[in-house]
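Inspection log for the structure reproduced underneath, given as structure tokens.
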Amino acid sequence: MSDLFNYDSISPWIPYLSKGLGYTLLIALLASILGVAIGVMLTLMSRHKQLSKISYFYIDIFRGTPILLQLSIIYFAIPKLVDTLVNDMMHLDIAITLSAFSAAIITFSLNSGAYISEIIRSGINSVSKGEIEAAEALGVSKYHMYKDIILPIAFKNSFPALMNEFITLVKESSIVSIIGLQDLMRRQQIVTSQTYMYFEPLIVVGIIYYLVIKVLTITGRKVEKRLQYD
Amino acid sequence: MIKVKNLEKSFGDLHVLKDINYHFKKGKTTVIIGSSGSGKSTLLRCINMLEKPDSGDILLEDTLINYSKNINAIRQRIGMVFQSFNLFSNMTVLNNVTYALRVVKKESIAKANNKALELLEKVGILDKKDNYPNTLSGGQQQRVAIARALAMNPDVMLFDEPTSALDPEMVSEVLEVMKKLTHTGLTNIIVSHEMGFAKEVADEIIYMDEGKIIEHNDALTFFNQPSTKRAQEFLQKIL
Ligand SMILES: Nc1ncnc2c1ncn2[C@@H]1O[C@H](COP(=O)(O)OP(=O)(O)OP(=O)(O)O)[C@@H](O)[C@H]1O
Ligand SMILES: [Mg+2]
């Protein structure tokens with residue numbers, strides 16, 4: 001057993017590894033908050049004749065390419081591009097930098113915004129036409145209809161999908177390790193390079209991910225039950 | 001109370017209402033009958049602008065009903081009860097009834113609650129006031145829907161086949177409530193396939209077919225000796 005999994009060698013590293021969870025959760029949390037804001041904006045835009053094209057294009061691009069590519073473009077390519085534009089072409093000397101953390105937040109927010117807008121849209125479509133007509137027939141204004149009927153019901157109906165998106169963010173945020181952010185995955189790589197242990201740090205990090213996602217799933221189900229109207 | 005003049009409505013190529021003219025009289029109960037697809041629901045839905053007419057005028061007393069800024073003011077005076085109840089699923093029974101009082105009529109919660117409780121008592125469902133709609137039977141939901149519409153103190157009530165989606169044993173509890181609304185000064189316009197009920201409560205009957213009013217008559221005459229052949233045939237088929 002101790003040959004397969006050397007607990008004594010890995011145990012001093014566990015606190016170091018666990019700290020990576022901070023980044024993982026922070027990225028998922030900030031990205032989902034900003035993602036909801038972007039998602040709402042995209043949904044509103046999609047109801048507008050001209051703006052809907054932009055919204056459709058945005059969603060199409062972000063859903064149609066891998067997030068690893070999006071992150072690389074935002075972290076590596078765009079600062080270089082801006083640098084060329086500003087310093088070479090305009091003969092200036094301004095330092096153009098984007099921290100790994102900012103790049104991660106921007107990428108994940110933009111990306112989850114695209115998914116969340118689809119979730120919000122189908123949530124709104126799930127509200128029965130009859131309920132909306134009943135409100136109209138009572139003389140309820142559009143504003144109140146959205147605030148008191150459509151959005152609350154849409155939120156309840158899309159909660160499972162939103163929770164799912166959050167869990168996806170927790171898992172996918174692991175790719176920020178490629179730009180050097182010290183999340184769970186990155187710390188595993190660091191421990192491996194210092195100790196030459198592969199299996200143990202991977203298992204520890206795997207257990208942390210698994211437990212966090214389990215807790216999120218169970219909490220999500222509880223909230224989902226609370227949201228039911230009965 | 002409601003005058004319909006030269007009303008026309010099409011859905012694409014489908015001509016659903018063809019030159020409808022009728023005067024729904026104040027305080028009277030009019031039952032609209034006719035086969036499926038004859039345009040009964042569309043006529044009802046044009047009255048409160050859930051469907052936008054192509055041409056023609058509809059007047060509520062002397063006010064032209066059209067799809068403009070004042071539509072919500074007009075809709076407050078016209079209650080509607082749907083075949084599929086359409087209660088707000090995210091609100092309790094009590095809140096379903098008080099909702100429009102609070103946000104449309106801007107009444108205080110206390111005042112709205114009082115009115116709602118009185119109406120829930122009237123439709124016999126006071127004990128379910130804190131339930132959510134999906135825990136109620138169809139008949140119970142429809143009675144709440146009637147209370148919700150009545151809460152606004154409308155001049156006119158529109159009913160679109162209010163018992164068609166109900167299990168047979170629940171039809172009568174809803175019809176009983178509706179009966180109480182006749183001869184109260186309220187103008188009722190009811191689309192229904194319940195002929196017994198129509199005979200009992202209707203002052204006037206409108207028979208529609210293929211988007212036209214084929215016959216309108218007082219209920220007694222209509223059921224005893226309809227003046228058009230098509231109404232005779234229709235009655236023979238269903239009675
Ligand atoms: N929103 C719509 N779009 C397209 N066609 C419609 C729409 N609403 C109704 N129709 C069509 O218009 C015709 C009349 O419909 P309407 O609902 O008024 O009939 P009805 O007399 O109420 O019938 P039923 O007894 O089945 O309720 C039908 O052929 C129906 O399919
Ligand atoms: Mg109908």
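Values in this document were obtained by computation on a predicted structure and should not be read as measured data. Proteins come first, then strands; the chains are lettered A, B, ... in the order of their sequence lines, and each starts at number 1.
For B:M91 against A:I149, the heavy-atom pair with the smallest separation is CE-CG1, 3.7 Å. Taking all atoms of both residues into account, the shortest heavy-atom contact from A:A134 to B:R148 is CB-NH2, 3.3 Å. The minimum heavy-atom distance between A:A137 and B:M80, with the atom names listed, is CB-CB, 4.1 Å. Smallest separation of non-hydrogen atoms from A:I153 and B:S89: CD1-OG, 3.5 Å. In plain terms, the two heavy atoms of B:F88 and A:L138 that are nearest each other are CZ-CD1, 3.9 Å. Between A:E136 and B:L50, the shortest heavy-atom distance links the atoms OE1-CD2, 3.4 Å.
The number of heavy atoms from other shown groups lying within 6.0 Å of NZ (B:K179) is above 12. In this structure, B:E118 places its CD atom where only 12 or fewer heavy-atom neighbours from other residues, nucleotides or ligands lie under 6.0 Å away. Environment of NZ in B:K25: crowded, with over 12 heavy atoms of neighbouring residues, nucleotides or ligands closer than 6.0 Å. Other residues, nucleotides and ligands place more than 12 heavy atoms under 6.0 Å from the CG atom of B:L14. No more than 12 heavy atoms of other residues, nucleotides or ligands shown are found within 6.0 angstrom of OH on A:Y56. Summarising the local packing, CZ of B:F11 is surrounded by more than 12 heavy atoms from other residues, nucleotides or ligands at distances under 6.0 Å. No more than 12 heavy-atom neighbours from other residues, nucleotides or ligands sit within 6.0 angstrom of NZ on B:K28. Applying the 6.0 Å contact sphere to NZ of B:K180 captures more than 12 heavy atoms from other residues, nucleotides or ligands.
Across B:R75, B:M49, B:M152, the residue that shares the most heavy-atom pairs under 4.5 angstrom with chain A is B:R75.
A:L151 contributes atom CG, which lies 10.5 Å from atom CG of B:N90 (distance to the nearest 0.5 angstrom). In this structure, the separation between OH on B:Y99 and NE2 on A:H144 is 5.5 Å, given to the nearest 0.5 Å. Between B:N48 atom CG and A:E133 atom CD the span is 8.5 Å, to the nearest 0.5 Å.
Residue B:L87 touches chain A through its backbone alone, counting heavy-atom pairs closer than 4.5 Å. Both the backbone and the side chain of B:V103 come within contact range of chain A, each with at least one heavy atom under 4.5 Å from a heavy atom of that chain.
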